[in-house]
Amino acid sequence: MSTASPVKTTAVSAEGVWKAYGTGEAQVVALRDVSVQFASGAFTAIMGPSGSGKSTLMHCLAGLDTTDRGTVHIGDTPVTGLNDKALTKLRRDKIGFIFQQFNLLPTLTAEENITLPAAIAGAKADPDWLKKIIHTLDLTDRLSHKPTELSGGQQQRVACARALATRPEVVFADEPTGNLDTRSGAEVLRFLRTSVDDFGQTIVMVTHDPGAAAYADRVVFLADGRIVEDMAEPTADKVIDKMKHFEELVAAAQEETA
Ligand SMILES: Nc1ncnc2c1ncn2[C@@H]1O[C@H](COP(=O)(O)OP(=O)(O)OP(=O)(O)O)[C@@H](O)[C@H]1O
């Protein structure tokens, strides 16, 4: 019997990714030669100033946007180069999304919002798994409610259940606490943490909030389209301190890639 700890596999990877918007004088380079791996069963936060490329990176990783150069993989599956049909299938089968604005369908109940993506994918979500996440999210008494009958925190918890219903290879969360008060935000973050620790999920979360980033195992900092820092075991204080020295990090990264 082997006593070696299990080798962490890579859930998502980007290799030499470049992305620009517009052309000529109006061109904005949003990502400059970004290479990064996200381990399976880990919670990673992506941080950086406004316009640093966080959303662009997440969209390229999730196959919502194309890269100009470089490659992206979800597990062993190359995202770059897939046609629209294959991309839709990849997103449906392997990726969960949580958005700042919840993005629930207003005419459906909480339960229907949670189970719809699996139904569209032609898969029936495992009932025991669904029961477990609905219970963990404290939504059992809210399943027949429509989104307008739920608080913001409850709506985001429904969005969390929806994202995890198919046990995707990775969940991308874009500012999931951006529209929530501190208490509701903490509930969502605690759930994301639990989903990693107890259920082995992989989470990649964009956030501006050092307190939210402190729930993660790792923080990747972007500035000016480059990765300028990779922090393990973040705390809010460590993150705030790093953000104070951002200009120096950007200047160093610019010099390195000049
Ligand atoms: N569709 C687009 N067309 C033109 N420029 C774009 C587009 N999307 C993003 N950009 C530009 O690319 C750069 C990176 O944008 P991105 O939205 O990825 O940054 P961000 O770090 O997510 O910012 P924020 O924190 O404000 O959401 C910015 O300069 C932005 O203006």
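Read the numbers this way: they start at 1 and go in the same order the structure lists the ligands and their atoms.
Judged by the shortest distance from any of its heavy atoms, S52 lies inside the 4.0 Å radius around the atoms of ligand 1. Heavy-atom separations between G225 and ligand 1 are all 4.0 Å or longer. At least one heavy atom of H208 lies less than 4.0 angstrom from ligand 1.
Below 3.5 Å of separation, one finds no N or O of V28 facing any N or O of ligand 1. Between G48 and ligand 1, not a single N/O pair is under 3.5 Å apart.
T71 and T80 are not linked by any side-chain donor-acceptor pair at a separation below 3.5 angstrom, with hydrogens and angles left out of the test.
In this structure, R32 forms no cation-pi arrangement with W18, as its terminal cationic atom is not both closer than 6.0 Å to the ring centre and no more than 45° off the ring axis. Relative to the ring axis of F38, R218 places its NZ or CZ within 45° and under 6.0 Å from the centre.
Here the straight-line distance linking atom CG of L61 with atom CD1 of I74 works out to 6.5 Å at 0.5 Å rounding.
Here the heavy atom of the protein found nearest to atom 23 (O) of ligand 1 is G51 N, 2.9 Å. Closest to atom 4 (C) of ligand 1, if we only count protein heavy atoms, is Y21 CB, 3.3 Å. For atom 19 (O) of ligand 1, the closest non-hydrogen atom on the protein side is G53 N, 3.2 Å. Of the protein's heavy atoms, S50 OG, 2.6 Å lies nearest to atom 26 (O) of ligand 1.
With atom 16 (P) of ligand 1 as the reference point, the heavy atom nearest to it among L57, T56, L31 is part of T56. Comparing K19, M47, K54 against atom 21 (O) of ligand 1, the shortest heavy-atom distance belongs to K54.
The presence of a protein heavy atom under 4.0 Å from atom 30 (C) of ligand 1 is ruled out. Within a 4.0 Å radius of atom 1 (N) of ligand 1, the protein contributes one or more non-hydrogen atoms.
Distance alone, capped at 3.5 Å, places no donor-acceptor pair between the K146 side chain and the L105 backbone.
In this structure, V79 is a member of the same hydrophobic cluster as V170, with clusters built from ILVMFWY side-chain heavy atoms closer than 4.5 Å. Hydrophobic clustering of Ile, Leu, Val, Met, Phe, Trp and Tyr side chains at less than 4.5 Å, counting indirect connections, unites V34 with I46.
Here D181 does not pair with R183 in a salt bridge; the nearest charged N to carboxylate O distance is not below 4.0 Å. Ion pairing between a basic and an acidic side chain is recognised when a charged N comes within 4.0 Å of a carboxylate O; R193 and D217 show such pairing. One finds a salt bridge joining K19 and D65 here, because a Lys/Arg side-chain nitrogen approaches an Asp/Glu carboxylate oxygen to under 4.0 Å.
Atom numbering of ligand 1 starts at 1 in the shown order; those under 4.0 Å from a heavy atom of P49 are 21 (O). Set against the non-hydrogen atoms of A30, the atoms of ligand 1 under 4.0 Å away are 12 (O), 13 (C), 14 (C).
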